[in-house]
Amino acid sequence: MNEQLRITPEIIKNAPFIECECGSVLFTERILFKKISALISPTNAEELYPMPVIVCDKCGKAHPKTDPLNMVPDNLKSNVKLT
Ligand SMILES: [Zn+2]
């Protein structure tokens, strides 16, 4: 990796934590399962697709920054302002 692109411990130390709208900075990985219909599944059988989601430890909502592809349903997502 290019030396100039490396994220150093010093950079990490000085960076702010991502904060949930409830103020918590601790998050946990949980799993959502998508049910892929046999009609559109490449295997022609119904498939369960596990989808990891990072949620707040305190209020259980997903931080939008951890969902860049916008795959998490709105009712599971916090309304924190993206800056
Ligand atoms: Zn929260």
Side-chain angles (χ1 to χ4, degrees):
M1 190 188 282
N2 187 322
E3 186 64 35
Q4 286 171 328
L5 295 179
R6 189 172 297 156
I7 295 179
T8 65
E10 195 63 20
I11 291 173
I12 297 168
K13 192 179 172 188
N14 291 317
F17 287 107
I18 284 183
E19 211 171 275
C20 181
E21 63 178 342
C22 74
S24 177
V25 294
L26 292 172
F27 296 88
T28 304
E29 186 179 75
R30 308 291 291 276
I31 308 288
L32 290 167
F33 285 96
K34 284 279 191 177
K35 196 166 65 175
I36 311 295
S37 154
L39 294 172
I40 58 170
S41 168
T43 61
N44 297 319
E46 184 179 285
E47 300 285 346
L48 291 182
Y49 184 80
M51 206 174 87
V53 55
I54 312 288
V55 299
C56 171
D57 258 9
K58 209 164 159 190
C59 71
K61 298 279 189 177
H63 194 292
K65 270 206 167 150
T66 63
D67 180 37
L69 298 177
N70 199 21
M71 300 287 263
V72 176
D74 283 347
N75 63 327
L76 296 178
K77 225 185 278 192
S78 75
N79 294 313
V80 69
K81 298 267 181 293
L82 290 179
T83 50

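Ligands are counted one by one from 1 in listed order, and the atoms in each one are counted from 1 as well. Sequence positions, counted from 1, serve as the residue numbers for this chain.
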How would you list, by chain and number, every residue that makes a side-chain hydrogen bond (donor to acceptor under 3.5 Å, both in side chains) with K61, sequence neighbours excluded?
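Partners of K61 under the side-chain hydrogen bond (donor to acceptor under 3.5 Å, both in side chains) test: none.
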Closer than 2.8 Å to the Zn ion (ligand 1), which protein N, O or S atoms?
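C20 SG, C22 SG, C56 SG, C59 SG, with waters left out.
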Inspect the surroundings of CE in M51 and state if more than 12 heavy atoms from other residues, nucleotides or ligands are less than 6.0 Å away.
yes
Measuring only between side-chain heavy atoms, which start at C-beta, is [X] closer than 4.5 Å to [Y]?
X   : Y   : value
V53 : T66 : no
L48 : K34 : no
I11 : N14 : no

Report the C-alpha distance between E29 and V55 in whole Å, list the side-chain angles of each, state the deciding distance to 0.1 Å, and finish with yes or no for side-chain contact (heavy atoms from CB on, under 4.5 Å).
CA-CA 6 Å; E29 186 179 75; V55 299; over 6 Å; no
